[in-house]
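What follows is one structure encoded as structure tokens, with my remarks underneath.
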There are 2 protein chains.
Amino acid sequence: MATGRSHRPATRSRGIPEATVARLPLYLRALTALSERSVPTVSSEELAAAAGVNSAKLRKDFSYLGSYGTRGVGYDVEYLVYQISRELGLTQDWPVVIVGIGNLGAALANYGGFASRGFRVAALLDADASLAGRLVAGLPVRHIDELESIVADNQVSIGVIATPAGAAQEVTDRLVGAGVTSILNFAPTVLSVPDGVDVRKVDLSIELQILAFHEQRKAGETEGRQEPDGDVPAVMPA
Amino acid sequence: MATGRSHRPATRSRGIPEATVARLPLYLRALTALSERSVPTVSSEELAAAAGVNSAKLRKDFSYLGSYGTRGVGYDVEYLVYQISRELGLTQDWPVVIVGIGNLGAALANYGGFASRGFRVAALLDADASLAGRLVAGLPVRHIDELESIVADNQVSIGVIATPAGAAQEVTDRLVGAGVTSILNFAPTVLSVPDGVDVRKVDLSIELQILAFHEQRKAGETEGRQEPDGDVPAVMPA
DNA sequence: ATGTCTTTGTGAACGCGTGCACAAAGATGG
DNA sequence: CCATCTTTGTGCACGCGTTCACAAAGACAT
């Protein structure tokens, strides 16, 4: 079996904590909104509120990038947008391929948040030959057999998997074989990849299950129906 | 302004750490696969590999639920499926409404992972009156104005938002007003909700940005182009 | 120039999550 | 019934992430 790590042990990449990296896109989004409203500067307090985080955390996050603020004033919005974009690598163009053009794949292809942040959809791929040539988001769907040549020709390093679970591992292997080193996986499967390849997963039903857990807990507490709310181990009845 | 927390401060709900809750759906998925292959028991080592986590972590996670394993043997697959399902609240039916039936909303409506885990789509809602009545995943799209009555009639407590960012907060307010207490947000916005309402967000472009960060880092290290890989602060050139 | 006021940047403490390593528990075979 | 072997359950230590609280820095007014 291959190595199959998708959990890197929280290595801080170039001194920037993983948790901070995960929040940078959040700040960037809030800053972009301010920029569009032509707001010149913003304090850590205001920006933190807009991004939905604690202001101390935000300041510490920014401190990893350098001293980009002015005491007594705040942060220059445009300058910060540029710095964060650069840090995230969004000042360059990232060609991506989307594999699996079902409902979800089509939704991703149409998603505006990609193009506006330097991600360019290089190609849409699907195993269903009858889909080939159909236009989705202005791009023709191409057959999966073109994967290798497309990845090579466009120097694609990021792949998005929106296939059924059963096809995900095979698609992954082909992507990695063709040179892709980052994968965003929407299929509900654990992917095995060699070292050096990053995988991030988005599982729609997992999020819903976590909500259900808390929802159940809320119902239990309010109505006092089950789980007497203490922390007794609650040995199962039978 | 409303409270607008979406980060609960890692309160452990009924003694089960938040991090563990987030992994339970992962274990459940792996166990379901084993169950379908009629595997009777599984060791922590095997299950951990299938779920893509450390085996010690898995054992500790299960220890929060109780002592459900047998030393020298492992865990009974069926029993564990039941226990985790019960813990997550998946033994009961959760009616959900999906608001915003664009590409993404349609993808969610068609997603099989919902129905198979006790989530029942009670209704599809959209503000576009011209969509009303159209069938998506076998369900008729209904107008957003029916939101309140649908939520009340079906006792919906979970709402999924797949609208454009601009509409998300208003939809949230209406959902909360109608009695929804858990929201899964796909719109790229920070939502303000009163205390007692849980929000989880899934942002497609954020994940991609995090990948881009690491991708850039890999490129920099390999080619020795930028960032000389030491952890010097790297003061920006100009 | 000097003082005041605002806001950043960070040292330090704390708490959660992770992983090691091992003792306890039970199965299995003789 | 006893010995051996497998696998769980967990005590413990460590490290990352979060938050508080404050000193340093600079803007701005006088």
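Treat the numbers as computed from the prediction; the structure is a model and nothing was measured. Every chain is numbered from 1 and lettered A, B, ... according to where its sequence line falls, protein lines coming before strand lines.
- Of the candidates A:S35, A:P40, A:S38, A:V77 forms a side chain to side chain contact (heavy atoms under 4.5 Å, CB included) with just one, namely A:S35.
- Whole-Å rounding puts the B:E18 CD to D:dT18 P distance at 14 Å.
- Each of B:G72 and A:S67 has a nearest nucleotide on DNA chain C; the 5'-most of these lies closest to A:S67.
- Side-chain contact, A:E78 with A:Y82: no donor N or O sits under 3.5 Å from an acceptor N or O.
- Distances shorter than 4.0 Å separate none of the side-chain N or O atoms of B:S43 from OP1 or OP2 on D:dT7.
- Rounded to an integer number of Å, the gap from B:L58 CG to D:dT7 P is 14 Å.
- For A:S44, a side-chain nitrogen or oxygen approaches OP1 or OP2 of C:dT8 to under 4.0 Å.
- Atom P of nucleotide C:dC16 and atom CG of B:D61 are separated by 16 Å, given to the nearest angstrom.
- As a whole-Å value, the separation of A:E45 CD from C:dT8 P is 8 Å.
- Summarising the geometry, the separation between NZ on B:K57 and C1' on C:dC20 is reported as 14 Å, rounded to the nearest angstrom.
- In this structure, the CZ atom of A:R23 is 8 Å from the P atom of D:dG17, given to the nearest Å.
- Distance from the side chain of A:Y75 is smallest to C:dG9 among C:dG9, D:dG11, D:dG17.
- Here the side chain of A:R59 is nearest to one of D:dA21, C:dA27, D:dG17, namely D:dA21.
- Bending across the helix from C:dA1-D:dT30 to C:dG30-D:dC1, expressed as the angle between its end axes from five pairs apiece, amounts to 10° (10° rounding).
- Counting only heavy atoms from C-beta on, B:K60 has its side chain closest to D:dT10 among D:dT10, D:dC20, D:dA27.
- Residue A:A56 has its side chain nearest to D:dA21 when only D:dT18, D:dG17, D:dA21 are considered.
- Atom pair A:F62:CZ and D:dT19:C1' shows a separation of 17 Å (rounding to whole Å applied).
- Counted by atom type alone, A:R59 and A:S44 present one or more donor-acceptor pairs between their side chains at under 3.5 Å.
- Checked against C:dG17, D:dC20, D:dA27, the side chain of A:N54 finds its nearest nucleotide in D:dC20.
- A side-chain donor-acceptor contact under 3.5 Å links A:S205 and A:Q209.
- Using a 3.5 Å distance cut-off with no hydrogens or angles, the side chains of A:D198 and A:S182 do not pair a donor with an acceptor.
- When each of C:dA23, C:dA21, D:dG17 is scored by its nearest atom to the side-chain atoms of B:R71, the top-ranked nucleotide is C:dA23.
- A:T189 and A:Q169 share no side-chain donor-acceptor pair at under 3.5 Å.
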TODO: Let me see the working for A:D76 and A:T41 under side chain to side chain donor-acceptor pair (under 3.5 Å), right down to the final yes or no.
DONE: CA-CA 4 Å; A:D76 182 282; A:T41 61; over 6 Å; no
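- Remark: P of C:dT8 and OH of A:Y68 are 16 Å apart, rounded to the nearest angstrom.
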